[in-house]
Amino acid sequence: MVRILDAGDQALVVEWAEHIDETVNAQVVRLAADLAASPIEGITETVPTYRSLLVCYDPEIIRGRILGERLLERAGRLDEAPLESRLWRVPVFYGGPACLDLDELAEMKGMSPADIVELHSSAEYRIYMIGFAPGFAYLGGLPEVLHTPRLQTPRQYIAASSIGIGGKQASINSVPGPSGWRYLGRTPVRPFDPQRAEPFLFRAGDRVRFFPISEREAEEYDRRVAAGESIVEPVSV
């Protein structure tokens, strides 16, 4: 059942459920897309999350009560048809300085590092939301055998574009910073680049498949990215 929650005096939360699944998240993405296509005057920003949509507004243009009623109306008539999403094939170098936890993870799981890489790169992931840092992608779809608790003591620095695992989730880091996630490698892809016309590469509802590359291939991709070339393009699915 959809409900509206106050989030201060300039934002509302449209919440679908207390659990997380793809169907709930699809409704979040649908409403965000619907509001982008047919805006309600006074809305200043929308932020999709796992199971809710944050809607920021200007109270001098629209009152929260009126906006809440209109949001409930919109949410109640969303099209249930499958959403068109984008599929990204993202190269990953499972090695080098960013490969912090692959060997330990393999030992924990009683597997070889190659088995971990094969499992991680064989899954199709859904981007449930972008958050925590600009462009940071939270991914669902991690194979259950790879579900692993986060580190008890977070590291103080993880490089941008590192590929991580945290609990049931996978991730693509966007900017450098601290993290308690476990890391398997890095991608030459830059999820966030303020110099691009579109700074954020990924968005909620997109899908991702990883594929392994060698160190030499990673260096070549790095060179192309540094030259301003786009090395990945999405496919509509």
Side-chain angles (χ1 to χ4, degrees), residues 15-29 48-52 83 85-133 135-187 189 191-192 201-213 237:
E15 184 182 77
W16 275 263
E18 294 185 355
H19 64 280
I20 298 170
D21 64 33
E22 188 168 330
T23 301
V24 169
N25 187 249
Q27 291 296 85
V28 174
V29 174
T49 73
Y50 275 105
R51 55 186 180 83
S52 63
L83 278 171
S85 64
R86 304 181 302 173
L87 174 64
W88 299 87
R89 295 190 71 249
V90 175
V92 178
F93 173 43
Y94 293 92
C99 185
L100 297 167
D101 299 293
L102 178 57
D103 290 340
E104 182 180 0
L105 188 62
E107 185 176 348
M108 289 171 60
K109 303 297 183 182
M111 304 167 67
S112 70
D115 290 336
I116 298 291
V117 170
E118 182 177 1
L119 263 175
H120 184 264
S121 60
S122 67
E124 182 171 288
Y125 299 86
R126 175 186 178 85
I127 298 180
Y128 274 82
M129 69 176 187
I130 304 295
F132 170 67
F136 184 100
Y138 286 90
L139 310 179
L142 182 70
E144 186 172 356
V145 69
L146 296 182
H147 294 182
T148 308
R150 302 180 192 186
L151 298 172
Q152 291 187 353
T153 303
R155 297 182 176 99
Q156 294 306 299
Y157 180 87
I158 296 295
S161 298
S162 295
I163 302 298
I165 288 175
K168 300 179 180 180
Q169 304 170 103
S171 68
I172 306 175
N173 275 27
S174 55
V175 296
S179 177
W181 294 50
R182 299 173 189 268
Y183 287 91
L184 308 182
R186 72 168 183 91
T187 176
V189 173
F192 174 67
L201 189 66
F202 304 123
R203 63 182 179 227
D206 285 354
R207 297 185 178 275
V208 171
R209 294 191 70 95
F210 298 115
F211 66 93
I213 57 174
V237 294

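- A heavy-atom distance below 4.5 Å is found between the side chains of S171 and F136.
- L100 approaches P97 most closely through the heavy-atom pair CD2-O, 3.3 Å.
- The line from CD1 of I127 to CE of M129 is 12.0 Å long, rounded to the nearest 0.5 Å.
- The cationic group of R126 lies under 6.0 Å from the six-membered ring centre of Y128 and within 45° of the ring axis, placing it in a cation-pi geometry.
- Listed for the N173 side chain is no donor-acceptor partner under 3.5 Å among the backbone atoms of A160.
- To the nearest 0.5 Å, the span separating CD1 on I116 from CD1 on I165 amounts to 7.0 Å.
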Note to self: Under the criterion side-chain contact (heavy atoms from CB on, under 4.5 Å), I'd like the reasoning laid out for L139 against F202: C-alpha separation, chi angles, the key distance, then a yes or no.
What the structure shows: CA-CA 11 Å; L139 310 179; F202 304 123; over 6 Å; no
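- The shortest non-hydrogen separation linking G135 to P191 is O-CB, 3.8 Å.
- Considering only heavy atoms from C-beta on, K109 stays 4.5 Å or farther from L119 through its side chain.
- Here the closest heavy-atom approach between residue V28 and residue S52 is recorded as CG1-O, 3.3 Å.
- In this structure, R155 contributes its side chain and G180 its backbone to no donor-acceptor pair below 3.5 Å.
- Listed here is the closest heavy atom pair of Q156 and P154: NE2-O, 3.5 Å.
- One distance of note links CH2 of W88 with CG of L201; it measures 4.0 Å at 0.5 Å rounding.
- In this structure, T187 contributes its side chain and V92 its backbone to no donor-acceptor pair below 3.5 Å.
- With rounding to the nearest 0.5 Å, the separation of CE in M108 from CG in D101 is 9.0 Å.
- Closest heavy-atom contact between Y157 and P176: CE1-CB, 3.5 Å.
- Atoms OG and OH, on S121 and Y94 in that order, are 4.5 Å from each other to the nearest 0.5 Å.
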Notebook entry, point to check: Yes or no on side-chain contact (heavy atoms from CB on, under 4.5 Å) for I172 and I163, after CA distance, side-chain angles and deciding distance?
Noted result: CA-CA 5 Å; I172 306 175; I163 302 298; 4.0 Å; yes
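- One finds the CG atom of N25 at 13.5 Å from the OH atom of Y138 (value rounded to the nearest 0.5 Å).
- A 4.5 Å side-chain heavy-atom check between H147 and L142 finds at least one atom pair inside the cut-off.
- For E118, the CD atom counts as loosely surrounded, since its 6.0 Å shell holds 12 or fewer non-hydrogen atoms of other residues, nucleotides or ligands.
- Proximity of a side-chain donor or acceptor of S161 to a complementary backbone N or O of V189 within less than 3.5 Å is detected.
- The two residues A17 and V24 come nearest to each other via the heavy atoms CB-CG2, 3.9 Å.
- Between Y125 and H120, the ring planes lie tilted relative to each other; the angle falls in the 30° to 60° range.
- Distance alone, capped at 3.5 Å, places no donor-acceptor pair between the R51 side chain and the D21 backbone.
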